[in-house]
Structures are given as structure tokens and as C-alpha cells.
*Asks:* 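Pasting a structure below so you can have a look.
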Number of protein chains: 2
Amino acid sequence: MTISKTLIPKASHKEVTVELLSIGDELLTGTIVDTNAQWISSKITGAGGIVKRITTVRDRTIEISHVLNECIDRSPGWLIVSGGLGPTYDDKTLQGLGRALGRELILDHRAVKMLRRGYARHNQRLVRNVSRLNEVRFKMARIPKGSIPIQNPVGSAPSICIDIRSGVGTTRIFCLPGVPNEMKAVFSRTILPQIKKSIGKYYLVESMFETIGVSESMLAPTLSGLVDSYPTNDIYLKTHPKGYKMKVPRNRKIRSKPKLNIQIVSKGKDNSHVEARYATVLDALREEINKLGGKIIPSALGKRL
Amino acid sequence: MTISKTLIPKASHKEVTVELLSIGDELLTGTIVDTNAQWISSKITGAGGIVKRITTVRDRTIEISHVLNECIDRSPGWLIVSGGLGPTYDDKTLQGLGRALGRELILDHRAVKMLRRGYARHNQRLVRNVSRLNEVRFKMARIPKGSIPIQNPVGSAPSICIDIRSGVGTTRIFCLPGVPNEMKAVFSRTILPQIKKSIGKYYLVESMFETIGVSESMLAPTLSGLVDSYPTNDIYLKTHPKGYKMKVPRNRKIRSKPKLNIQIVSKGKDNSHVEARYATVLDALREEINKLGGKIIPSALGKRL
């Protein structure tokens, strides 16, 4: 029996920690789901980084400033902020960042150039003389002193980057637009390559399979035994309960069997160790599931989430 | 022209603040999107409460404990935690809560009863004598001293509730399962009615409409003017950029027009004021959009997100 799985060739793994900060009232009113944070997390995890925390706050300068200082105090290697860079009254990320860092916002001429380029793409004039419209658009080019603007290849608001020294190291802060295609463009082009470079190469094998007839409780001791037998983060096992399969036999007494998805992740810097650990864990789980009277659903083997 | 909108009759509004805490490695690896937080936020917002912050952390006792203490220090009226209540090695919410509060976990006999009821629903025996399996399942009934277990009407792990006095008030903490249908069942049955009761009735009118030909920058001064002219939270206006409509005229010079969704929310304790504010704001926006050469797309009028 083979389990189809995804093999991402990488090597030489060191811990790279990341925090995400999502900004926007619409995330806290439940108007939209925070798919940005999920997308960024999956990219960072895929590259071998560790997202330790995601925080979501409203469009309030003081709240943004507080949460930024709290993040910086925890000193993650990277802090990726999304949302709140646009021209409207509720776009307050840069004000919050300026306040958190004690730095004034200054009109950055590189950022103005980027804005012009962004508007030119859509044949919209960025009015040159100081008019009301001009002022509104230039808001997007007022960035905390010492930060570096990054061209938005899709929309207009530039992203920014700044390194902040904290007690135990340096945190690189990126502020990205909240509009998903703009965020993704800047992340893929500018941030992900930097994160990958700082991690170096490493190997990761992951699979997800469905089972029937075993519950989380039944498998729990085996799972914790397996995870404990490897150093932290080398093996990750997760069970996802998927309800019950109901069955009404002739005697009309309803019986139900638990359905469970099991996720196996093996990672590390040595390819052969990663593969060997994966195979060992898979064998152990398969044996235990059989022993408990459950079965793995063959058609769904190796389904990747 | 009429704008279809949703009118939720409520009255007598006071500020009820909520924080959400989502726990689970799968949220930080990007394996799943945190739809729980979005769902809970929309219910609380709909009832008139204010979700001020959402935090997501991994299944680590120490990280859970830290973030719980940070939340409690901010003293929200309600703190709703989801995830990490199951029987497996990585379900650590109650250990984190016990540690944060300095309270030991004790086997709660009400919780054991609830577990039995949960398992009985699916004809699964909760083994009586102290076996390994038994121990694993009883883990879900070990709750911080002084907390109250709540029956899980769908799955097995009980939820729990505990009131904690902080500097400026009392925070009511709920811990819910992370499995969406279990979380929703407990939230709808137990938490939402309590939140609604503490808010009292109030009125909310909301609509979303599509426009073409006006950009965020062009509308920004009008938006901030309108919002500034009402007390905090009475009027909420948000523009959602939706890209550009491209047009290639005969001269082959590509022109593009910005597409923008505009969300209007009016709320407060007096129905006639809420309606009047909504109408005033809508008229002002319509006039400004016309003046700027843009238009509202009639078919999509009043589309609710």
C-alpha cells in the first residue's frame, strides 16, 4: 500500500518565527473571513517557518499601536501586518505603526513615485498640485521615518518594511495591503523569498487520510506516544473528528461509527530521516487502527488538505 | 429609488465588549481557515456587541496561558475561547486556563455526567474502571476549579464557563470546542442569549451596494466627513475596492474605471434616529457619487454581505 504524499525538497532547517497581524473592522464584525492570514500561514509553513500567533484588531490607531508593541516585545523574527494602508479615514495602520515606534510619518518621495506608477497603470491622474484629492492619495505615501516603501504591483498603496531591534533580536516588520490580490502579489514577490532564504532548505512530508471506526479518544494514547518519541516539531500528528457514520441494522437499534481524519507531518533537515520517520509513524498508526477495529478508507488515502 | 436593507429590531444599547481566542496549530499552519471566529463575530455584531480583538495561538499550554492572562488584563466583558477541549495530546486549552488562573484541574462530576451523555448518544461506552481509554476520556472532564461545565449537545467534550474579576470589571470566559458544529451548538444555545440579554434591544440598519467610476481616494473625504458628523459607532462606512472595469474604445487606448462596494451601517437605541441617519448618509453618498461622475449599479442595490 502506498500513500501519496507531497515532498518539498528543502534542507538545513533553523527555527524562523513569524507573527501575523490582521487589521480591519470588517474582520471583527464577521463581514469577511480572514483568508489572508490563512494564506500567509500556509506559505510560511510550507517554507519551513513557524507562525506563532495571529492577532486581529480594529481600525483604531491606539489599538494598532498597542498590539504592535506587544508583538515587538515577543520578538518574532518577522511580523507581517495586513490591512489599513488605503486612502480612507479608517486606514490607520501607518499611524498606528508610527505611534508604536515613536516615529513621525513623513511624505516619502520613493512612495510617491510608486503611487504615481500605480495610478498610471489604470490611467488615473494623481493630481500634482495640492488639492483635496491629492492630499487623500498622498496619505498612502506618508510612512514612518526610516521605513522602506515597496511597490504595489497590483493596486496603488505601497507596502512598507522596517527592522526593529528588540531585547533578544531584530524583528522585520512588513505592512501589506488588505486587498487579497495586492497582499499576495507583494508577499510572493518580496517577503516569501526573504523568509525562504533565512530558513534555508529543508524537507517536509505531509499527508491526510480518512478513517472509520476509531475515535479521537481511542487513538489519543498512540498519538501522544508517537509524538513524544521524536524531538519537538519533527513529527506533527493531528486528528480531525468528522462526525459519525450512522447505520440502522435489522434490529433497528441505531449504531454509529466515528469518522476521523488523520494528518501526518514529518519534517527536518535530513531527507532520509524525514522519510524514515514518516514511514515509521504511518506504520504504527495503521497497526493501531487495525487493532482497534477501525479501518483506513482506501480511496481517500493521502488526500492533502 | 429604494435600497433593500435588513432591519433587526433591538433597543436600549450599551457597549458590550468581547474578545475571541482561537486555539489550534491547524489555524497557524494555514491548514484551515478560522471560520469559527468569523461566525462568532457576526453573531455578536448582529446582537449589538463589539468584538475588539481576535487572537490565535498554538496548542501550547504556556502560550495559551500567556495569551489568556493578556486578554483578562484588557478586561473585556466576555472572552470566548474555541478549540483544544478534546481528548488528544494537543488539546491543551484547559491546562492553559488552569495555569493562567492559578487553579488546579479537578475531575468534575457534572462534566463526567455530560461526557457519559455525549457518548451514550452514539452508543459508545465510557469505560467505568480506570483503563487507559477511560483516563483519556476523563481528561475532558478535568476542568479548572470553580468553573462550570456546559453540556455539548452535539459532541462529547463539555464546554466550560468561569467569571474572572479583573481590575476594571468581570470577564466571563467561555471555552468551546473547535469542531464547528459543536461550537455553534453551544454558542447559540448558551452564550448568545446571555450576550443579547446583557446588551438589551437596539436597532441596526445595514446595506452594501456596488458602484463604478469612483475610487476609494475620491470618496475618502466624504466618508470621513460623514462619519465625523456622528458620535462614535452610530454610523459605520466602509469602502471595499473590487478592482477595475476595463474598456477598450475605438482608439485602442485602454481606459479602466474603479469598482467599489460601499457598506453603510447605522445603529443605535432609537429606531427613528437610526433610520433617519441611514437615509441622510445614503443621500449624501448618492449625491457625491453622481457629482464625481460615478454611478451606483442598480441591480446590486442593497446587496447584503
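Per chain, numbering begins at 1; letters A, B, ... match sequence-line order. Keep in mind it's a predicted model, so treat the numbers as computed, not measured.
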*Asks:* Please state whether the side chain, the backbone, both or neither of B:T29 comes within less than 4.5 Å of a heavy atom of chain A.
*Replies:* both

*Asks:* Identify the heavy atoms of A:L204 and A:T45 that sit nearest to each other, and give their distance.
*Replies:* CD1-O, 4.1 Å

*Asks:* Cut-off 3.5 Å, no hydrogens considered: what does the side-chain donor-acceptor table look like for residues 61-68 of chain A, sequence neighbours left out?
*Replies:*
| from | atom 1 | to | atom 2 | distance (Å) |
| --- | --- | --- | --- | --- |
| A:E63 | OE1 | A:R58 | NE | 3.4 |
| A:E63 | OE2 | A:R58 | NH2 | 2.7 |

*Asks:* Between A:V179 and chain B, which part of the residue has a heavy atom less than 4.5 Å away: side chain, backbone, both or neither?
*Replies:* side chain

*Asks:* Return each pair, listed once, that meets ring-ring contact (aromatic ring centres under 6.0 Å, His included) where at least one residue sits in residues 21-47 of chain A; pairs must be two or more places apart or across chains.
*Replies:* A:W39-A:F187

*Asks:* Which bit of A:D90 is near chain B, if near means a heavy-atom gap under 4.5 Å: side chain, backbone, both or neither?
*Replies:* side chain

*Asks:* Testing the basics here: between B:L285 and B:I262, what is the closest heavy-atom pair and its distance to 0.1 Å?
*Replies:*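 What the structure gives for the nearest pair is CD1-CG2, 4.0 Å.
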
*Asks:* Look up atom OG in B:S266 and atom OH in B:Y230, then write down how far apart they are to the nearest 0.5 Å.
*Replies:* 8.0 Å

*Asks:* Please report the interatomic distance NZ(A:K92) to CG(A:L85), rounded to the nearest 0.5 Å.
*Replies:* 14.0 Å

*Asks:* Applying a criterion of heavy atom separation less than 4.5 Å, what residues of residues 17-25 of chain A form contacts with chain B?
*Replies:*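 The residues closer than 4.5 Å to chain B, in numerical order, are A:D25.
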
*Asks:* Measure A:L237 against the heavy atoms of chain B and call it side chain, backbone, both or neither at under 4.5 Å.
*Replies:* both

*Asks:* More than 12 heavy atoms of other residues, nucleotides or ligands under 6.0 Å from NZ of A:K43: is that the case?
*Replies:* no

*Asks:* Heavy-atom pairs under 4.5 Å with chain B are the metric here; pick the option from A:P87, A:A220, A:S156 that has the most.
*Replies:*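 Greatest number of close heavy-atom pairs with chain B: A:P87.
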
*Asks:* Provide the full list of salt bridge (charged side-chain N to carboxylate O under 4.0 Å, His left out) pairs with a residue in residues 46-57 of chain B, sequence neighbours left out, each pair given once.
*Replies:* A:E70-B:R53

